[in-house]
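Note sheet for the following structure.
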2 protein chains.
Amino acid sequence: MPRRTSHEDASCPVARPLDAIGDGWSLLIIRDAFDGLRRFGEFQKSLGLAKNILSARLHSLVAHGLLHTVPASDGSAYQEYQLTSKGRALFPVLAALRQWSEEYFFEPDETRARLVDRGTGQPVAKVEIHSSDGRVLDPEDTVITMYRPADA
Amino acid sequence: MPRRTSHEDASCPVARPLDAIGDGWSLLIIRDAFDGLRRFGEFQKSLGLAKNILSARLHSLVAHGLLHTVPASDGSAYQEYQLTSKGRALFPVLAALRQWSEEYFFEPDETRARLVDRGTGQPVAKVEIHSSDGRVLDPEDTVITMYRPADA
DNA sequence: CCGTATCCATTCCGATACTG
DNA sequence: CAGTATCGGAATGGATACGG
């Protein structure tokens with residue numbers, strides 16, 4: 001029996017993107033892309049992975065529409081990898097993940113990389129889930145329901 | 001050379017939790033836990049994975065402090081798996097991931113599972129990143145900086 | 001400098017059988 | 001029902017060598 005290879009057809013939005021970013025390196029590549037990295041060598045130096053798998057991950061991210069390649073920038077005949085709008089839209093996810101990790105995976109006195117407001121240098125506000133009318137929602141205040149858009 | 005086995009010592013909060021939730025199944029188990037699932041068999045039925053790997057994942061999540069086991073609830077001699085506060089704190093991450101996925105991985109007319117306010121039935125508000133004084137921040141408005149807490 | 005192709009070691013997953 | 005133990009196949013990742 002083949003291994004569970006894909007979540008493409010899952011109706012759950014948590015499952016479906018796992019093919020694109022469910023692997024360990026992809027999220028780190030996206031993080032670096034947000035940080036301004038664009039060149040193959042920059043990613044490789046930052047992440048320290050083998051070139052073949054970096055190549056594979058990059059292609060996968062392009063195939064899933066999170067990155068796209070642009071021809072040059074310096075005269076070279078190579079590619080640069082930039083976030084698409086789909087990739088950029090991961091910003092809140094990454095920010096929430098950062099906050100969760102800082103709170104639960106770091107000792108209070110441990111040095112860490114923080115996401116801050118560029119203008120003020122202050123850390124960004126804690127991500128919260130709100131109702132459509134602005135109340136803060138806890139997990140218990142929410143439910144998962146099936147939504148069938150009318151195909152009018 | 002050993003494969004990169006762990007991100008435990010990374011100073012980047014994006015990297016460090018990958019050992020705990022970077023694998024494909026863990027996030028889905030957490031999702032199901034938010035959904036109220038607690039028993040081994042419930043998870044297995046929902047996810048359709050082999051019992052040995054479910055067992056391994058569950059143990060890993062317990063070891064990383066996202067789940068904890070409680071003795072019974074019905075008289076049986078078995079365990080139930082519940083989210084810890086650390087696991088519950090993943091709520092905004094999961095919610096942000098859901099929203100991103102719904103927007104970019106589903107066709108507009110495609111049926112999907114949505115996170116809604118239990119009281120009103122309305123979908124939760126879109127997750128945004130705010131500055132400490134309440135402005136909405138785009139990726140460009142932010143920077144990553146190293147933070148060294150004073151060890152007073 | 002930017003990749004691609006090949007090889008090898010490790011890991012992971014699924015099925016199955018087994019215990020309580 | 002709730003797990004554990006074992007096995008085999010598949011996919012992955014790392015190193016390296018090579019080509020543009």
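Below, chains carry the letters A, B, ... as their sequence lines are ordered, and counting in each starts from 1.
Interatomic distance, CZ of Arg39(A) versus OG of Ser46(A), reported as 15.5 Å (0.5 Å rounding).
When hydrophobic clusters are built by joining Ile, Leu, Val, Met, Phe, Trp and Tyr residues whose side-chain heavy atoms come closer than 4.5 Å, directly or via intermediates, Leu66(A) is grouped together with Val62(A).
A salt bridge between Glu102(A) and Arg16(B) is absent, with no side-chain N of the basic residue lying under 4.0 Å from a carboxylate O of the acidic one. Look at Asp117(A) and Arg135(B) and you find a salt bridge, because one of the NZ, NE, NH1 or NH2 atoms lies within 4.0 Å of a carboxylate O, short of that distance. Between Lys126(B) and Glu103(B) there is a salt bridge, since at least one side-chain N of the basic residue sits less than 4.0 Å from a carboxylate O of the acidic one.
Residue Arg39(A) has a polar side-chain atom (N or O) positioned under 4.0 Å from OP1 or OP2 of dC2(C). Residue Arg57(B) places no side-chain N or O under 4.0 Å from the OP1 or OP2 atom of dC12(C). Within the structure, a side-chain polar atom (N or O) of Tyr81(A) is placed less than 4.0 Å from OP1 or OP2 of dG3(C).
The listed nucleotides are dC13(C), dA17(C), dC1(D); the one nearest the side chain of Lys51(B) is dA17(C). Counting only heavy atoms from C-beta on, Ser55(A) has its side chain closest to dG3(C) among dC1(D), dC1(C), dG3(C). When distances are taken from the side chain of His59(A) to each of dG14(D), dT4(C), dT6(D), the shortest belongs to dT4(C). In this structure, of dG13(D), dG3(D), dA15(D), it is dG3(D) that holds the atom nearest to the side chain of Gln79(B).
Within the 4.0 angstrom heavy-atom criterion, base atoms lie near Asn52(B). Using a 4.0 Å heavy-atom cutoff across all strands shown, Phe43(A) reaches no nucleic acid atom at all.
Every stem involving DNA chain D, taken as at least 3 paired positions in a row under the Watson-Crick or G-U wobble test at 3.5 Å, is listed here: C:3-20 with D:1-18.
For NZ of Lys45(B), the number of neighbouring non-hydrogen atoms (other residues, nucleotides, ligands) closer than 6.0 Å is 12 at most.
Distance CZ (Phe40(A)) to P (dC1(C)): 13 Å, rounded to an integer number of Å. We find that NZ of Lys45(A) is positioned 16 Å from C1' of dC2(C), with the value rounded to whole Å.
The side chain to side chain contact (heavy atoms under 4.5 Å, CB included) test applied to Tyr147(B) returns Arg112(A), Arg114(A), Pro149(B), not counting sequence neighbours.
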